[in-house]
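Structure, as structure tokens:
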Amino acid sequence: MQARGQATAKFDPQAIAPALLDWYDAHARKLPWRRLPGEARQDPYRVWLSEVMLQQTTVAAVGPYFEKFTRLWPTVGDLAAADDGDVMAAWAGLGYYARARNLLACARAVAAMGGTFPDSEDGLRALPGLGEYTAAAVAAIAFGRRAVVVDANVERVIARLFAIDEPLPAGKAAIRLAAGQVTPEERAGDFAQAMMDLGATVCTARSPRCMLCPLREHCRALAEGAPERLPVKAARKAKPVRQGRAYWIEREGRVLLVRRPGRGMLGGMRALPDDGWSARGDGADAIGGEWRGGGVVRHGFTHFDLELQLMLCVQAEAASLPGLNDIEGEWWPVDEIEAAGLPTVFAKAARLAIAERIG
DNA sequence: CAGTCGTGGCT
DNA sequence: TAGCCAAGACT
């Protein structure tokens with residue numbers, strides 16, 4: 001069964017960290033939130049901010065947002081003092097908006113503690129938006145703590161190294177145990193980042209580049225011949241398609257925008273009025289006036305696909321629209337719609353509306 | 001445990 | 001193309 005001639009005899013958990021750290025010293029990705037050459041340790045604020053942004057989000061997507069946030073709010077105290085709407089608008093397009101709400105709550109909690117982040121895993125874990133992963137990551141990367149950092153990259157690398165084929169999420173316990181066995185006492189932060197670099201560039205989900213892997217001699221899954229098979233994951237449920245309507249109500253070059261409730265789908269974000277496709281309604285569907293269809297926006301969310309029918313009401317005067325006064329909103333200049341901070345689904349709808357109202 | 005919660009890129 | 005996937009947290 002040793003089709004590729006890899007020696008399982010070399011399987012040695014103690015050899016993994018040194019080999020990986022050597023590889024990291026030579027191949028670490030240079031990322032904006034990593035310490036600069038000569039810096040002993042990374043700024044906890046920047047580590048925390050990047051880790052929250054990177055939750056379920058790619059490095060490429062995070063880059064511009066990290067630059068924007070650190071430019072607008074260089075310290076956790078600056079962020080704590082920021083206006084909620086400004087922060088939500090700055091987050092627009094990055095997704096999972098509960099992260100932005102928790103980000104502000106966390107910044108304010110830290111500010112209330114004197115502006116200094118807790119330096120222990122337990123202390124960090126108690127902050128809003130920091131779960132098991134993020135608390136461990138910040139503790140290790142920013143504070144040099146020996147913490148076992150397990151994200152999807154680490155799960156994949158460990159599942160392959162140890163040939164753990166118990167399906168996730170049930171297999172997380174075994175993976176975490178194994179991760180603890182290979183996490184070094186020193187340089188735990190570098191080790192965590194090395195595991196994630198390896199997972200992102202070499203030990204990838206689809207077609208792992210095992211020929212380039214510094215741990216190939218230590219990998220049971222490779223020795224068994226099919227590393228891409230791991231980790232095993234439970235099948236996903238099919239996504240339903242939901243229908244909805246959004247309303248573009250414009251007069252004198254301004255469009256009516258609303259603020260969505262503070263929790264739930266797109267919570268806290270600026271938006272177009274809609275008919276309740278996301279379990280809410282703002283009354284716009286009851287407005288009388290001259291409406292015309294403006295095309296359909298298709299947008300995929302995590303657990304459903306949306307077909308959003310855009311409705312346009314451009315030339316009517318506000319006073320002539322029965323029911324409009326029932327909506328709490330703001331008239332936003334259409335020319336500056338990019339600055340409104342709309343989530344992507346509504347940004348798509350706005351682009352379509354602007355194209356439609358011209359043609 | 002299982003559902004909720006975005007988005008863009010890759011295969 | 002359609003599905004899969006990503007530095008998860010929260011309820």
Side-chain angles (χ1 to χ4, degrees), chain A residues 29 31-34 42 46-66 88 91-103 105-106 124-142 147 149-157 167-173 179 189 191-201 203-208 228 231 233-242 260-269 271 278-279 297-306 342-348:
Chain A
R29 288 181 293 175
L31 302 173
W33 44 86
R34 288 190 174 166
Q42 303 180 39
R46 295 166 62 89
V47 173
W48 161 72
L49 179 62
S50 67
E51 287 299 339
V52 173
M53 287 183 167
L54 286 162
Q55 289 166 5
Q56 296 288 285
T57 308
T58 59
V59 165
V62 165
Y65 287 86
F66 182 81
M88 299 310 291
W91 196 277
L94 196 56
Y96 284 143
Y97 298 99
R99 291 184 297 170
R101 300 191 296 262
N102 287 329
L103 190 80
C106 180
L124 290 161
R125 180 67 181 82
L127 294 169
L130 281 85
E132 200 170 344
Y133 162 76
T134 306
V138 175
I141 298 169
V149 181
V150 182
D151 76 324
N153 286 301
V154 176
E155 283 180 358
R156 185 170 57 255
V157 172
L168 299 179
K172 286 174 181 281
F191 178 77
Q193 295 180 92
M195 289 287 276
M196 294 188 278
D197 275 17
L198 188 73
T201 64
C203 195
T204 52
R206 302 291 180 86
S207 304
E228 70 282 355
K233 296 189 178 182
R236 295 192 179 189
K237 291 177 59 178
K239 284 199 292 188
V241 178
R242 290 194 207 169
R260 296 176 65 85
R263 45 180 55 185
M265 176 79 82
L266 309 177
M269 300 299 289
S278 57
V297 173
R298 297 182 204 293
H299 189 77
F301 290 103
T302 306
H303 53 291
F304 66 92
D305 290 321
L306 178 65
L342 295 174
T344 299
V345 62
F346 292 118
K348 285 184 187 175

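A, B, ... follow the sequence lines: proteins, then strands. Residue 1 opens every chain. From a predicted model like this one, the values you see are computed outputs, not experimental measurements.
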Gap between atoms [atom1] and [atom2], on [X] and [N] respectively (whole Å):
X      : N     : atom1 : atom2 : result
A:L306 : B:dT7 : CG    : P     : 11 Å
A:E51  : C:dA6 : CD    : P     : 16 Å
A:L49  : C:dG8 : CG    : C1'   : 16 Å
A:K237 : B:dC5 : NZ    : P     : 13 Å
A:R99  : C:dA6 : CZ    : P     : 15 Å
A:E228 : C:dC4 : CD    : P     : 17 Å
A:Q55  : B:dG6 : CD    : P     : 13 Å
A:M53  : B:dT7 : CE    : P     : 15 Å

Checklist entry - Which residue, A:W33 or A:R125, contacts DNA chain C at a nucleotide closer to its 5' end, judged by nearest heavy atom? => result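 The 5'-side residue here is A:W33.
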
Checklist entry - Want to settle it: does A:L127 or A:G199 sit nearer the 5' end of DNA chain C, counting the closest nucleotide to each? => result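 On the 5' side of the pair lies A:G199.
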
Item to check | Validation row: A:L130, A:W48 side chains within 4.5 angstrom (heavy atoms) | outcome: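 A:L130 reaches A:W48 side chain to side chain.
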
Checklist entry - Should A:M88 and A:R101 be marked as a side-chain contact (heavy atoms from CB on, under 4.5 Å) after you check the CA-CA gap, both sets of side-chain angles, and the distance that decides it? => result CA-CA 8 Å; A:M88 299 310 291; A:R101 300 191 296 262; 3.9 Å; yes

Checklist entry - When you check the side-chain N and O atoms of A:Y133 and A:Q55, is any donor under 3.5 Å from an acceptor? => result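 A:Q55 and A:Y133 do not have a side-chain donor-acceptor pair below 3.5 Å.
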
Item to check | Donor-acceptor contact below 3.5 Å, side chain A:R46 vs main chain A:P32 | outcome: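 Indeed, once roles are kept as given, a pair shorter than 3.5 Å links the two residues.
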
Out of [options], which has the shortest distance to the side chain of [X]?
X      : options              : answer
A:F301 : C:dA9, C:dC10, B:dT7 : B:dT7
A:R236 : B:dC5, C:dC5, C:dA6  : C:dC5
A:A152 : B:dT7, C:dA6, B:dG6  : C:dA6
A:Y133 : B:dT7, C:dA6, C:dG8  : C:dG8
A:P169 : B:dT7, C:dG8, B:dC1  : B:dC1

Using a cut-off of strictly less than 4.0 Å, decide whether [X] has a side-chain nitrogen or oxygen near OP1 or OP2 of [N].
X      : N     : answer
A:R156 : C:dA6 : yes
A:H303 : B:dC5 : yes
A:Y97  : B:dT7 : yes

With a 4.0 Å cut-off on heavy atoms, is [X] in touch with a base, just the backbone sugar-phosphate, or nothing at all?
X      : result
A:L266 : sugar-phosphate
A:A98  : nothing
A:Q193 : nothing
A:I141 : nothing
A:K172 : nothing
A:R29  : base
A:W48  : nothing

Next on the checklist: Any donor-acceptor pair, under 3.5 Å, between the side chain of A:T57 and the base of B:dG6, if you only look at N and O atoms?
Outcome noted: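 Answer yes: a donor N or O sits under 3.5 Å from an acceptor.
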
Item to check | Pair of N/O donor and acceptor under 3.5 Å linking C:dG8 base with A:T134 side chain | outcome: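 In this structure, the two groups form no donor-acceptor pair.
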
Item to check | Verdict with reasoning, A:V345 to A:L266, per side-chain contact (heavy atoms from CB on, under 4.5 Å) | outcome: CA-CA 10 Å; A:V345 62; A:L266 309 177; 4.0 Å; yes

Item to check | Residues A:M269, A:L342; criterion side-chain contact (heavy atoms from CB on, under 4.5 Å); working and verdict | outcome: CA-CA 7 Å; A:M269 300 299 289; A:L342 295 174; over 6 Å; no

Next on the checklist: Taking only the P atom of each, what is the distance from C:dA9 to B:dG8 in whole angstrom?
Outcome noted: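 The same atom, P, in both gives a distance of 22 Å.
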
Item to check | Nearest atoms (heavy-atom pairs only) where A:T57 meets A:R99 | outcome: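 Looks like OG1-NH1, 3.1 Å.
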
Checklist entry - Can the ring centroids of A:F301 and A:H299 be said to lie less than 6.0 angstrom from one another? => result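 Yes, the ring centres sit under 6.0 Å apart.
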
Item to check | Pairwise 5' ranking along DNA chain B for A:L94 and A:A170, keeping only the more 5' one | outcome: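 By nearest-heavy-atom nucleotide position, the 5'-most residue is A:A170.
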
Item to check | Step-by-step side-chain contact (heavy atoms from CB on, under 4.5 Å) determination, A:L127 to A:N102 | outcome: CA-CA 9 Å; A:L127 294 169; A:N102 287 329; over 6 Å; no

List, with names and distances, any nitrogen or oxygen atoms from the protein found under 3.5 Å away from nitrogen or oxygen atoms belonging to nucleotides 8-11 of chain B.
{"unit_1": "B:dT11", "atom_1": "O4'", "unit_2": "A:R206", "atom_2": "NH1", "d": "3.1"}

